[in-house]
Amino acid sequence: MTELAPLPAGPGCTDAPVLRERGQREVFCGLTGIVWLHRKMPDSFFLVVGSRTCAHLLQSAAGVMIFAQPRFGTAILEEKDLAGLADAHAELDREVDRLLTRRPDIRRLFLVGSCPSEVIKLDLARAAERLSVQHGPQVEVLNYSGSGIETTFTEGEDACLAAMVPGLAPTEARNLMVVGALPDVVEDQMLALLARLGIGPVQVLPSRRAEAAPEVGPNTVVALVQPFLGTTAAALERRGARVLQMPFPFGEEGTTAWLAAIAAEWGVDAATFAAATDAPRARARKAVAAATATLAGKSIFFLPDSQLELPLARFLTRECGMTAIEIGTPYLHAGLMAPELALLSPGPTISEGQDVELQLDRVRAARPDLTVCGLGLANPLEAEGLATKWAIELVFTPVHFYDQAGDLAQLFARPLRRRAAVRFGTEARP
Amino acid sequence: MKLTVWTYEGPPHVGAMRVATAMKGLHYVLHAPQGDTYADLLFTMIERRDHRPPVSYTTFQARDLGADTAHLFRDALQAAHARFQPEAIIVGASCTAELIQDDPGGLAESLGLPIPVIPLDLPSYQRKENFGADETFHAICRALARPMARTDRPSCNLLGPTALGFRHRDDVAEVAGLLEDMGIAVNLIAPLGARPSDIARMGAAHFNVMLYPETAESACRWAERALGQPYTRTIPIGAGATRDFLAEVARLSGLPVRADESRLRLPWWSSSVDSTYLTGKRVFIFGDATHALAAARIARDEIGFEVVGLGAYNREYARPLRAAAAAMGLEALVTDDYLEVEAAIAALQPELILGTQMERHIGKRLGIPCAVISAPVHVQDFPARTSPQMGFEGANVIFDTWVHPLVMGLEEHLLTMFREDFEFADAAGPSHHGALAPETVAAPAPSAPAAQAGPGTVIWLDEAETELRKVPFFVRGKARRNTEAFAAERGVAAISVETLYEAKAHYAR
Ligand code: SF4
């Protein structure tokens, strides 16, 4: 079983200087979130209003085209749509009509803005209002921006969830709202844990079905499961809810801290807490230990990608014995990240934003044992002899809470184990 | 506005990237938002390239829009020149940058870099990936190549192979070998592997070989006018087309055809008795026009299939495609709408699909085997082994690739003879395909309703339906369709066992 690294003596990385860079960024735009959001919300359709590039991005990010009729698509702007906005609105109405006729199962329709729709100032909020009147109440039409000029990768989910907040029913009741799209299996595990702690009622955003949307009010307590939901958190605060600040539920330590913060809110006693968490904690530690043999003592470099970088660095350094060289993140939300920064031992460079060329220079100079990066950079870095972990797997794979802690550690251990496992010549194994 | 789910082609700047990434010593400075950097992964993941595409993206953001995006472009261009020291740079805009009209070409010119800077004008809201590749390659040739003295020995250029091309790597090697056998030197292969300084020597060749019209036709036409180089029109895919190609090369070079056909196995493999069962198999063909046309000829003439559908997603070549389809008594399907292709396949129920990765997915869903013949590409389309489509070895590869998804000749007999036998039951599927049991196999319920309605008014009587289920799965779709057509033609409202066998006799071949 692993021992946690001792807590940092001082404030950890709370006051660490942040290297802010501005140059070429090598990250997806917020449209990418559709790839997991459409699976989470099976009664929803995501209609991107954009260009052929946007359609191509979605197709490439989705990787495999296994769905005959996926619940997302792109209304590709053509020359004539650019000429007159009035016509573009008429065209959009026509496409939406057609789509909803063909797909009567759709209950929520998201109009998703892109760079082109924003640059030509196509007002999708207006369009959503108009279409809601036309197609409501069966279909609720919402809008948000996933454009690359406004959003980076996971910020698309943030924008999507924030767009749902104004429509949530008001309540005066005390409730817990868990925010962030989790795979169903993980969501169920989480609900079971909270139930064992006697915490409730619990609602989740996004809900799987439109009817099950959470309610919000002054007695609502919000727990985020993803670190990139700053806008959604602010929108919920505007509705009177209180957002808890705590580490994110990655790894045994993060999950325990996350649950403990909620338990404290609900006044759960220590014995109940221990009874509910002791067994899964032990399981998680054991599962993580299986990967720690590979990870301990290894160095890691995060290129900015999913905004999960800081919580993951905390998990990997504290529970798996790794050393972080640089932790890059697209945006650093000081408030939400404060509990994570406090747990991180000083040492790593913390960087925000990106100049990919300069950052790769630093990667080459540091030669980390493992580099976390996007798919565009992984093979080129491997070819330079550097082991990599694709960041996108971290948002596509179940990694939250106790029973995924071991899987999360294995995601990082696997590339290292693989490099040790293959041989193509006569050189002896080390 | 057009609702699109899956696309066959990316935007035109991805075509430009395919050219830039294929080349060496060339850099592409692309005015684009951050999300457009996704395109890098097409090259590094699908093609497993070990280098980043030589592309610098300006990655402007919303807050830059009010201020100065032109400045960002200039900085990115200067930084790329300083860092990568390319021999030449191409500059252009993605769809979003096209709207903000910063004029990358003009900005680049004002910087006065000491190397050629080639502006690209790729209309993102009208054109697509292949156009982008073709136009980019054309612009590069126009900017860098000049008329010059021809080589002493007969020589040619191989034009058109790009990054992310369907088997381009291996086609180039195969065609270069064929030309070498005839005593013709390859002066330049481009874009794949060429440097800008190599392209400057383009004019030394006696003629050009147009490998892929989709990516090289504009450059070939330009070279014909500006450099006086004729170019080949025959695409050497298939045994017959390769022979025709060599004849065309002989005409252009004045040299006699010298070909080592000892390596060509397709004609004998296709003539051997085991191939009898291939006769008249109904195939549906869809891809880029060049590969679709080549596949149609091979399918009909060299393997003896019946082509029941022919189409392409690139409108630029609709005309020759329509002509070829008409010659086969078909109407060509020219569309980039994947749902239309799916509907056509579902209606025709072919026994084999020759298509792209999109059609492979369609085939999976419909339980119809598929062999891939064309881009858009998938990681599977970059095999580790040499696997050309062109030349004699390409013909061999095609024979294997197309026949593999089908049930083997002898095996087909056995399946019919022992169809009651557990081992040979429907669900077993072709023995060499592991788990690939077509999905349709599971469809007919063991207790069929007394009469099942077919299309229109024709219904299947109980015992006819049972009889139909004894027909091996890989021909059952055809048997059902033929019988229904036969019944409809004769005004038979209910299909009996007799109708089934009358139809069988009627369609016997
Ligand atoms: S960055 Fe903008 S233009 Fe590019 S895919 Fe994303 S939304 Fe579309």
Side-chain angles (χ1 to χ4, degrees), chain A residues 23-32 47 49-57 59-61 64-66 68-70 72-79 81-82 88 91-92 94-95 98-99 114-116 118-120 146-153 357 374-380 382-383, chain B residues 1-7 9-14 32-46 48-53 56-65 75-76 79 83 94-96 98-100 123-126 128-129 338-339 342 357-358 361-362 364-365 378:
Chain A
Q24 178 181 323
R25 302 172 70 117
E26 181 87 19
V27 277
F28 289 141
C29 59
L31 294 185
T32 323
L47 180 62
V49 182
S51 63
R52 179 165 297 280
T53 314
C54 308
H56 202 230
L57 163 108
Q59 170 168 332
S60 311
V64 282
M65 299 167 282
I66 43 174
Q69 297 226 340
F72 60 82
T74 307
I76 296 187
L77 294 163
E78 294 165 316
E79 204 79 339
D81 302 309
L82 305 177
E91 289 270 308
L92 181 60
R94 192 176 47 101
E95 285 303 333
R98 234 190 247 169
L99 173 71
S114 66
C115 303
E118 272 167 34
V119 169
I120 64 167
S147 83
I149 55 177
E150 292 278 6
T151 61
T152 299
F153 196 20
E357 306 297 349
L375 290 171
L377 296 172
N379 268 335
E382 293 277 352
Chain B
M1 225 174 261
K2 187 166 191 305
L3 183 61
T4 304
V5 176
W6 306 119
T7 68
E9 290 184 75
H13 72 261
V14 167
Q34 61 184 353
D36 292 5
T37 60
Y38 80 88
D40 283 359
L41 80 86
L42 304 172
F43 300 89
T44 64
M45 296 304 291
I46 296 178
R48 302 177 206 257
R49 287 203 166 247
D50 60 0
H51 280 80
R52 288 165 65 204
S56 294
Y57 304 81
T58 56
T59 59
F60 54 84
Q61 294 175 281
R63 60 162 186 255
D64 304 317
L65 288 180
D75 287 354
R83 176 174 281 265
S94 77
C95 53
T96 309
E98 186 180 327
L99 298 171
I100 58 179
S124 308
Y125 297 91
Q126 294 166 24
K128 290 180 270 184
E129 180 177 332
Y338 154 91
L339 294 174
E342 175 161 46
Q357 289 292 337
M358 308 273 216
H361 285 284
I362 294 172
K364 251 195 207 165
R365 266 198 304 283
H378 179 267

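Lettering of chains follows the sequences in order, A, B, ..., and the numbering in each one begins at 1.
In A:R94, the CZ atom is crowded: over 12 heavy atoms of neighbouring residues, nucleotides or ligands sit closer than 6.0 Å.
Remark: the backbone N or O of B:T44 is paired with a side-chain donor or acceptor of A:N379 at under 3.5 angstrom. Between the side chain of B:Q34 and the main chain of A:V27, no donor-acceptor pair closer than 3.5 Å is present. Listed for the A:D81 side chain is a donor-acceptor partner under 3.5 Å among the backbone atoms of B:M1. Judged by distance alone, the side chain of A:R25 and the main-chain N or O of B:Y57 form no donor-acceptor pair under 3.5 Å.
Residue A:T32 does not touch chain B at all, counting heavy-atom pairs closer than 4.5 Å. Looking at A:L31, there are no atoms closer than 4.5 Å to chain B (heavy atoms on both sides), in backbone or side chain. No part of A:E118 comes within reach of chain B, as not one of its non-hydrogen atoms sits under 4.5 angstrom from that chain. Heavy-atom distances place no part of A:R98 under 4.5 Å from chain B, backbone and side chain included. In this structure, chain B has heavy atoms under 4.5 Å from both the backbone and the side chain of A:E78. B:L3 touches chain A through backbone and side chain together, each having a heavy atom under 4.5 Å away.
Atom OH of residue B:Y338 and atom CD of residue A:Q59 lie 10.0 Å apart, to the nearest 0.5 angstrom. Rounding to the nearest 0.5 angstrom, the gap separating the OG1 atom in B:T37 from the CG atom in A:L377 is 8.5 Å. A distance of 11.5 Å separates CD1 of A:I76 from OG of B:S124, quoted to the nearest 0.5 Å. The line from CD of B:Q61 to CD of A:E150 is 9.0 Å long, rounded to the nearest 0.5 Å. Atom CZ of A:F28 is separated from atom CG of B:L41 by 5.0 Å, given to the nearest 0.5 angstrom. Within the model, atoms CD of A:Q24 and OG1 of B:T58 stand 8.5 Å from one another, a figure rounded to the nearest 0.5 Å.
Put simply, of A:G148, A:G146, A:P380, A:G30, the one with the most heavy-atom pairs under 4.5 Å next to chain B is A:P380. Counting heavy-atom pairs under 4.5 Å between each of A:T152, A:L77, A:T53, A:I120 and chain B puts A:T53 at the top. For the options B:D50, B:I100, B:D40, heavy-atom pairs under 4.5 Å to chain A are most numerous at B:D50. The residue among B:R49, B:M45, B:Q126, B:R83 with the most heavy atom pairs within less than 4.5 Å of chain A is B:R83. The residue among A:P116, A:S147, A:A88 with the most heavy atom pairs within less than 4.5 Å of chain B is A:P116. Ranked by heavy-atom pairs shorter than 4.5 Å toward chain A, the options B:P33, B:A62, B:P53 are led by B:A62. Each of B:D75, B:I46, B:L99 has some count of heavy-atom pairs under 4.5 Å with chain A, and the biggest count is that of B:L99.
You'll find the side chain of A:C29 stays beyond 4.5 Å of the side chain of B:Y38, heavy atoms only. Using a 4.5 Å heavy-atom threshold, the side chains of A:H56 and B:P11 count as touching. Within the 4.5 Å cutoff, no side-chain heavy atoms of A:S51 are placed close to those of B:T96.
Using a 4.0 Å cut-off between charged side-chain N and carboxylate O, B:R52 and A:E357 make a salt bridge.
In terms of heavy-atom proximity, B:G35 sits nearest to A:L57 at O-CD1, 3.7 Å. Taking all atoms of both residues into account, the shortest heavy-atom contact from A:G23 to B:T59 is O-OG1, 3.4 Å.
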